[in-house]
Amino acid sequence: MLAALFKGWIYCTMSSFAPSTKRSRTENGMEWKDSDEFFPGIPVIPYSPDASPDNVLCFRHYNPTQVVMGRSMADWLRFSACFWHSFRGTGADPFGFPTINRPWDDGTDTIENAKRRLRAGFEFFTKMGLKYWTFHDRDIAPMGDTLEQTNKNLDEMTDLALELQNKTGVKLLWATCNLFAHPMYSNGASTSPDAHVFAMAGAQVKKGLEVAKKLGAEGFVFWGGREGYQTLLNTDVRRELDHMGAFFKMVVAYKKKIGFTGQLLIEPKPKEPTKHQYDYDAQTVISFLKTYGLDTDFKLNIEPNHTTLAGHGHEHDVVVASKFGMLGSIDSNTGSPDLGWDTDQFPMEIKNTTLIMKAIIEQGGLAPGGLNFDCKVRRESIDLQDLFIAHIGAMDSFARGLMCAVELFNQGVMEKCVKDRYSSYDSGIGSSIENGKASLEQLEEYIKANGFPTPTSGQQEMYEVLFNNALKY
Ligand code: XLS
Ligand code: NI
Ligand code: NI
């Protein structure tokens, strides 16, 4: 969600109203030392399935080394934390001021503050046992007055990121460029009507790809929050989409030129902040990629809360992308069914995590992608501990989802039922249809010889029962 990402700007306008309760050691004249602990009292989170029920700082289901269907849980799940929500989020929303004050964050846009945040981030990832992280360029390094200064800041911050990655073994799942928060992008980045803005986006992404390569990113994401329109009256849709296609061609060319081997990803979202976004949903993005000849260079990063915003069920886009070989990674969050927007909640519903893991098992795993928690604690959840509990809860929910999906797979009943449902395509006229040999004339002959088809049951309730029967964990 965006409130967190806007922080750089929101903070400037709102800081005079910010609560005076801000607890910052730097403001009190105390210096942070590199060796300081940011989360004192919180240990490395253990796997303790039998801990007493009031202990919420342990995993009860996620046991990274446990082997399930020939692979460790850590390999199946490939969890990642996102830097923007968890280390730049303030709890500000369109109606309210920041609520979340981290003791190490003095609210300034300085390199020193950025470095403290990054160190805090890596302590968090390590204590959580998270093997991956993700960020936007502007989350980790302040913008300067020029592109040169901005890039220099990024160099300094990514030097530290590299050092921390090497020290902790935490890897970069993907990097991305923030092409939506700064006012210069208010009419879009690669779909801006102003070529100067398009050029700015290109310059920013050029650096972003270099940084991704430097940090060994396994992917690079494009989320087009401003690529779309507020009104068709002022918009040349065809020209904008052609520009977006041209932009991605340049991205592919530069990626190849510098030898960045990470997977390029587009993250669909139908709206918010823009009224209509071009990357509406998985099918729309796949068709965009095919239209512009980009489908072999890109895959999709699916966020279930965006999927529900597009009017689909939680797992819909994961399944659609997967079935077309285009599922690259997942921003595993969830919305609130009783709210319409992108609330970026931590996924805690076992039914949903099972549906996602079912799709992942069916495609044989998610590598090089992962389950990135593009999620934020509620603005009322202001304690450091809440950040841990949220991730633990989501990781445990996914571990349970994995076990349930494996159960479903091992039972094999649903799979067999689905296969049987389509068995008329395995031979005869059905196989002629699938292999492209049938014609309308042949279909007519077939009906003359075999008569009208008899309706068969869709058995939805039976499938729902089969699904529920596997929710054993
Ligand atoms: C916003 C998106 C964003 C992307 C990265 O809704 O989810 O956070 O994942 O820019
Ligand atoms: Ni989102
Ligand atoms: Ni996302």
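One-based numbering, in listed order, for ligands and for the atoms of each.
Counting heavy atoms closer than 4.0 Å to ligand 1, residue Glu272 contributes nothing at all.
Counting heavy-atom neighbours within 6.0 Å of Glu210 CD, excluding the residue itself, gives a total above 12. Around atom OH of Tyr463, more than 12 heavy atoms belonging to other residues, nucleotides or ligands sit under 6.0 Å away.
Close approach to His136 involves these atoms of ligand 1, each under 4.0 Å from a residue heavy atom: 5 (C), 10 (O). Listed by number with element, the atoms of ligand 1 under 4.0 angstrom from any heavy atom of His306 are 1 (C), 2 (C), 6 (O), 7 (O). Of all atoms in ligand 1, listed by their number and element, those nearer than 4.0 Å to a heavy atom of Asp342 are 6 (O). Residue Lys269 has at least one heavy-atom neighbour below 4.0 Å for each of these atoms of ligand 1: 1 (C), 6 (O). Using a 4.0 Å cut-off to heavy atoms of Asp331, the atoms of ligand 1 that qualify are 9 (O).
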Would you tabulate the side-chain donor-acceptor contacts of residues 288-295 under 3.5 Å, counting partners in other chains and residues two or more places apart, or write 'none'?
from: Lys290; atom 1: NZ; to: Asp295; atom 2: OD2; distance (Å): 3.3
from: Thr291; atom 1: OG1; to: Ser287; atom 2: O; distance (Å): 2.6
from: Tyr292; atom 1: OH; to: Asp242; atom 2: N; distance (Å): 3.4
from: Tyr292; atom 1: OH; to: Asp242; atom 2: OD1; distance (Å): 2.6

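Among all heavy-atom pairs drawn from Thr110 and Thr108, the shortest one is OG1-OG1, 3.0 Å.
Ring pair Phe125/Trp133 is tilted by interplanar angle, where 30° to 60° counts as tilted. The aromatic rings of Phe59 and Tyr62 sit perpendicular to each other, their planes meeting at more than 60°, with 30° as the lower class boundary. Between Trp174 and Trp84, the ring planes lie tilted relative to each other; the angle falls in the 30° to 60° range.
Using a 4.0 Å cut-off between a side-chain N of Lys or Arg and a carboxylate O of Asp or Glu, Arg119 and Glu123 do not qualify as a salt bridge. Taking the charged nitrogens against the carboxylate oxygens, Arg378 and Asp386 have no contact shorter than 4.0 Å, which rules out a salt bridge. Salt-bridge annotation for Glu37 and Lys127: present, with a side-chain N of the basic residue lying under 4.0 Å from a carboxylate O of the acidic one.
The N, O or S atom of Asp342 with the smallest distance to the Ni ion (ligand 2) is OD2.
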After noting the C-alpha distance and the side-chain angles of Glu362 and Lys358, does the key distance pass the salt bridge (Lys or Arg N to Asp or Glu O under 4.0 Å) rule? CA-CA 6 Å; Glu362 282 171 7; Lys358 176 177 180 289; 3.1 Å; yes
Run the salt bridge (Lys or Arg N to Asp or Glu O under 4.0 Å) test on Lys207 and Asp137 for me, step by step, so that the C-alpha distance in whole Å, both residues' side-chain angles and the decisive distance to 0.1 Å come before the verdict. CA-CA 9 Å; Lys207 182 68 182 176; Asp137 48 0; over 6 Å; no
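Proximity of Val221 to ligand 1 is not established, as no heavy-atom distance is less than 4.0 Å. The closest approach between a heavy atom of His85 and any atom of ligand 1 is not below 4.0 Å.
For the Ni ion (ligand 3), protein N, O or S atoms under 2.8 Å: 4 in total.
Between Asn301 and ligand 1, no N or O atom pair is found at a separation short of 3.5 Å. Taking distance alone, with nitrogen or oxygen atoms compared against 3.5 Å, Asp374 approaches ligand 1 more closely than that limit. For Trp174, no nitrogen or oxygen atom sits less than 3.5 Å from a nitrogen or oxygen atom of ligand 1, counting backbone and side chain alike. Checked against a 3.5 angstrom limit, the closest N/O atoms of Trp223 and ligand 1 fall outside it.
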